[in-house]
Amino acid sequence: MKKRYEYARTSRLLTPGDFRSVFDQVDAKISCSEITLLAKKSELETNRIGFIIAKKQIKTAVARNRVKRHFREYFRKFNVHAQNEQKFDFVVLARKSCQDLDNPKLDETIQSLLKRLKKRIDKTV
RNA sequence: CGAGUUGGCCAGGCAAUCGCCGCUUUUAUUAUUUGUAAUUUAUUAUAAAUAUCUAAAAGGGGAGGAAAGUCCGGGCUCCAUAGGGUAAGGUGCCAGAUAACGUCUGGGGGGUGUGAACCCAUAGCUAGUGCAGCAGAGAGAAGACCGCCUAAGCGUGUUUACACGACGGUAAGGGUGAAAGGGUGCGGUAAGAGCGCACCGCGCAACUGGUAACAGUUUGUGGCAAGGUAAACCUCACUUGGAGCAAAAUCAAAUAGGGUUCCACUAGGCGUGACCCGCGCCGGAACCGGGUAGAUUGCUUGAGCCUUAGAGCGAUUUAAGGCCUAGAUGAAUGAUUGUCCACGACAGAACCCGGCUUACCGGCCAACUCACUUU
C-alpha cells in the first residue's frame, strides 16, 4: 500500500464546470467564522477538493498559499481514513479571519466541520 | 574601540519520514512499421525499431531581492501604415553608456553637512498672456504716509523786512512686507539722487581654457536695468502608431450557416387558392472549409550567468574558457518530528529582459570620513 498518502490530479476539482456542479447541487453546506465547506455526493472513487480563496479576503499571496497548502495536506491524510465511506466533492471557501489562525488551529477547524458534515449526512439518510 | 558615509553579498542551517511539479534513465503496458516462423492466406507467435499514454523504480532540479506596485524602456505577437502637416502626450544643464529609457556614469552650476558624502523637474519670463493673501502711501517703466528741503512768483498776517502756508522738490532716514527697482565711501546739493568719481557687484563684447555645459586675480564697454512665478498658459529643441501571452499559432467534439462532388430524380411534403394549372419553399451521402468547448505550442538558451585577461576615471565594452540554473496552468516548491543558534523581517514566479518606486528582522565584507586614545 505505497500509494496511501498521494494527492494526485484526480483528487482535485479542475475545471470551472466541476466547481459549478458543486455549487448547483450542494448536498451540505457547513460554515464557521473562518471557512465555509460545500459538499456534494460523488460517484467517483476518490474525494475531490477545490479551493476558493479570494484576494479580497486574504490579501497576500503568501497567506493564501499557506491556507491552501495546509488544507490540502489535511485532506491528503483524511482520504486515507475515509477509504470505504461515501465520496464527496468538496469546495472550501476561505474567509478573512482564516489568515489569523495558525496551522494546528486550522486542523481543528476543518476537523469539526467534517464531523458536523457527517452528522448531517447521516440524518438525511 | 565609538559615531557615520558609500558600494557589494546573504536572507535560518542540518537530519529523518511522508507528499507535490517538471526533467533524465531503466522496466512494464499499448499502438504502428518491418523481418522471421507456422498455417486457418490473414491470423497467430516471436524479434527489432519508432512513437504516445499510463504505471513503477532510480537519479537530479524546483520562488525573490524585491518574485510586489505596474511607473517607464525594450524584445516577442497580432492589427494599422505612400508621404507631409496639425492636434495630443512625454522629456528638458553638458558629454558619454546602452537594444532602449524618464535609467546609469562622468562633468558643470546651485544647496546641505566639520567631513566621507548627499540632494536638485537644473532650457527660456530683455515673444506674448496671466498670477501674487495680509500689511503697506506705493507691488512693477512703482510710490510722497511720517520725515527732509524751499520761499523767486502766489496766498495770509495792511506794507519793505520777517513769519506761516499751498503749489513744488526729494527715494538719504522711519514705518509695512517674503520682496520696496545694486552696495560702501567720497564729492555734490536747498535737501537729495549713478547726478559725478573710486572700489565691489551686474550686463554686453572680445580674449584665454574646455568636445561642451561652463569658467576666468584678463581686456574693453554700459551708470546699471521691465524683479518673482514656466511641477501657470506658452516658446524652443528632441521624441512618441495601437493593442497585448486571456497576444498569437496548431489540432479539434458540438452548433449555425457555406462550398464542391456523387446519389436520388420531378416523385413526395408544405404554403398560396374552392379546385386544377402555375408560383414559392423543403432532399440524402461523402469531402472541403469553418471554428466553440477542450487540448497542444508559445514557455524558457537568454541584450543569460560565472571566471580570467585587455580598453576606459566610470557606466560599460572586447576576447578566451566554463555553465544550463523553476516552468506550474483552479495553478507545484509543502507538512510533521528532532536538533543548533543570531530565534528567522518583507513577502510567492505566471511570456521574457533593463530600470525606477515601495515594503523589510537582521547579518557579513570592502573602501572612506569624523572624534577620542595609544605609539
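Numbered from 1 within each chain, the chains take letters A, B, ... in sequence-line order. These numbers were taken from a predicted model, which means no experiment stands behind them.
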Could you work out the separation of [N] and [M] based on their [atom1] atoms and round it to a whole Å?
| N | M | atom1 | value |
| --- | --- | --- | --- |
| B:A15 | B:C346 | P | 28 Å |
| B:G102 | B:G2 | P | 45 Å |
| B:G128 | B:C236 | C1' | 14 Å |
| B:U126 | B:C119 | C1' | 32 Å |

Base partner of [N], which must satisfy Watson-Crick or wobble distances under 3.5 Å:
| N | answer |
| --- | --- |
| B:G19 | none |
| B:G96 | B:C104 |
| B:A80 | none |
| B:A366 | B:U6 |
| B:G338 | B:C14 |
| B:U184 | B:A198 |

Provide a list of protein-nucleic acid N or O atom pairs under 3.5 angstrom, restricted to nucleotides 333-335 of chain B.
unit_1	atom_1	unit_2	atom_2	d
B:U333	OP2	A:Arg69	NE	2.7
B:U333	OP2	A:Arg69	NH2	3.1

Between A:Ile53 and A:Ala63, which residue's closest nucleotide on RNA chain B lies nearer the 5′ terminus?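 Result of the comparison: A:Ile53.
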Return the value, rounded to whole Å, for the distance between atom CG of A:Asn65 and atom C1' of B:G64.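 Spelled out: CG on A:Asn65 to C1' on B:G64 is 14 Å.
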Closer than 4.0 Å, any side-chain N/O of A:Lys68 to the OP1 or OP2 of B:A331?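 False: A:Lys68 side-chain N/O out of range (4.0 Å or more) of B:A331 OP1/OP2.
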